[in-house]
Amino acid sequence: MPEFATDRAPAEPSELFLAWLTDAVEAGVPDPHAMTLSTVDEAGDPDARVLILKDVGPEGFRFAGHAASPKGIQLTGTPRAALTFYWAEFGRQVRVRGAVRPAPADRSAADFLARSPTARAEALLGRQSRYLVDPDVGERALRDSLARIEAEPGLVEPAWTLYTVQPDVVEFWQAAATRVHIRLRYEKEGAGWQRRPLW
């Protein structure tokens, strides 16, 4: 397992995260930017799914989704979320928790247009997580939606949203062969971050 010298960790958690993500990319880890997004519904029940990280920087961690999907509805009701990244090959995980803010419409539109035609066609349907009674109906709807995309390449689903998790806590977890794992938590305090090792 890699060494993790917490006393030499950078001041910003995004810098350490990008270093760990780069290690995973360079090592050929499958889907290194995959993450679990955890939200809560109106009853307070937790919900989780795996998404792709779009971007990360000092302002936060970005992902995208349809505002009318379960995650979009949950984020409207409770605009806070947790993200979990796990790279088994390195024995590393990163946990992020914070407020979620939607991006301006133009940035969400740019993200939508950068997606594949099939992904855009699916999003235009706006039926994520609804019951699919007849697969043939689903296939026809997707074909019709793809035809719309081909006819109007600049068509944007207005409910498509780029979200940013603005973290107040970021925890880095490095496994060790001894099972005495190394954990470092960044906690937002004012304009900066405090770094604290954990048991």
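The basis for the numbers below is simple: all heavy atoms, side chains too, and nothing from hydrogens, waters or symmetry mates. On a predicted model such as this, the values are computed, not experimentally measured, just so you know.
- Ring-centre distance between Tyr186 and Phe172: below the 6.0 Å cut-off.
- For CZ of Arg107, the number of neighbouring non-hydrogen atoms (other residues, nucleotides, ligands) closer than 6.0 Å is 12 at most.
- Rounding to the nearest 0.5 Å gives a distance of 11.0 Å between CG of Leu21 and CG of Leu16.
- Contact record, Ser145 with Ala121: OG-O, 2.7 Å, taken as the closest heavy-atom pair.
- A salt bridge is absent between Asp134 and Arg140; no separation between the charged side-chain nitrogens and carboxylate oxygens falls under 4.0 Å.
- Atom-to-atom distance recorded for Lys54:NZ and His33:NE2 is 8.5 Å, nearest 0.5 angstrom.
- When the shell of 6.0 Å around CZ of Arg148 is examined, it contains 12 or fewer heavy atoms from other residues, nucleotides or ligands.
- Looking at Arg179 and His181, their side chains come closer than 4.5 Å, going by heavy atoms from C-beta outward.
- Among Arg95, Arg92, Arg97, the one residue that satisfies the salt bridge (Lys or Arg N to Asp or Glu O under 4.0 Å) test with Glu171 is Arg95.
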Q. Would Asp168 and Arg80 satisfy side chain to side chain contact (heavy atoms under 4.5 Å, CB included), going step by step from the backbone distance to the final call?
A. CA-CA 10 Å; Asp168 44 51; Arg80 291 188 61 80; 2.9 Å; yes
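- One distance of note links OH of Tyr86 with CD of Gln93; it measures 7.5 Å at 0.5 Å rounding.
- With contacts defined as side-chain heavy-atom distances shorter than 4.5 Å, the pair Glu89/Pro30 qualifies.
- Put simply, Val25 and Phe17 are part of the same group of oily side chains (I, L, V, M, F, W, Y) that touch within less than 4.5 Å, one to the next.
- For the ring pair (Phe, Tyr, Trp, His ring centres under 6.0 Å) with Trp20, the qualifying choice from Phe85, Phe90, Phe4 is Phe4, the only one to do so.
- The other members of the hydrophobic cluster of Trp160, by chain and number, are Phe112, Leu113, Leu124, Ile149, Leu155, Val156 (side-chain heavy atoms under 4.5 Å, ILVMFWY only).
- The shortest side-chain heavy-atom distance between Pro2 and Gln174 falls under the 4.5 Å cut-off.
- With a 4.5 Å cut-off on side-chain heavy atoms, Lys71 and Tyr163 do not count as touching.
- Within 6.0 Å of CD on Glu189 lie more than 12 heavy atoms contributed by other residues, nucleotides or ligands.
- For the pair Arg195/Leu184, a side-chain contact is recorded, criterion being any heavy-atom separation below 4.5 Å from C-beta on.
- Just one of Asp45, Leu37, Asp41, Val40 meets the side-chain contact (heavy atoms from CB on, under 4.5 Å) condition when paired with Gln74; it is Asp41.
- Here the closest heavy-atom approach between residue Thr164 and residue Gly60 is recorded as CG2-CA, 3.8 Å.
- Nearest heavy-atom pair across Ser38 and Ala48 is OG-CB, 3.8 Å.
- Under the 4.5 Å side-chain contact rule for hydrophobic residues, Met35 and Val29 share a cluster.
- Atoms CD and OG, on Glu122 and Ser116 in that order, are 9.5 Å from each other to the nearest 0.5 Å.
- Not one N or O on the side chain of Glu15 forms a donor-acceptor pair closer than 3.5 Å with the backbone of Ala9.
- For the atom pair Leu142 CG and Asp144 CG, the distance stands at 9.0 Å (nearest 0.5 Å).
- Leu51 and Val96 fall within the same hydrophobic cluster, defined by Ile, Leu, Val, Met, Phe, Trp and Tyr side-chain heavy atoms under 4.5 Å apart, directly or through other members.
- Of the inter-residue distances, the one linking Gln166 atom CD with Arg101 atom CZ reads 5.0 Å to the nearest 0.5 angstrom.
- Side-chain atoms of Thr22 come within 3.5 Å of backbone N or O of Leu18 as a donor-acceptor pair.
- Proximity of Trp193 to Val170: side-chain heavy atoms (C-beta onward) are separated by under 4.5 Å at one or more points.
- Considering all non-hydrogen atoms of both residues, Ala81 and Leu75 come closest at CB-CD2, 4.1 Å.
- Linking ILVMFWY residues whenever their side-chain heavy atoms come closer than 4.5 Å, directly or via other members, leaves Phe61 and Leu162 in distinct clusters.
- The minimum heavy-atom distance between Ala67 and Thr161, with the atom names listed, is CB-OG1, 3.8 Å.
- Residue Val94 is not grouped with residue Met1 when hydrophobic side chains (ILVMFWY) are merged at heavy-atom distances under 4.5 angstrom, including chains of intermediate members.
- Evaluation of the side chain to side chain donor-acceptor pair (under 3.5 Å) rule for Lys188 yields no partner, not counting sequence neighbours.
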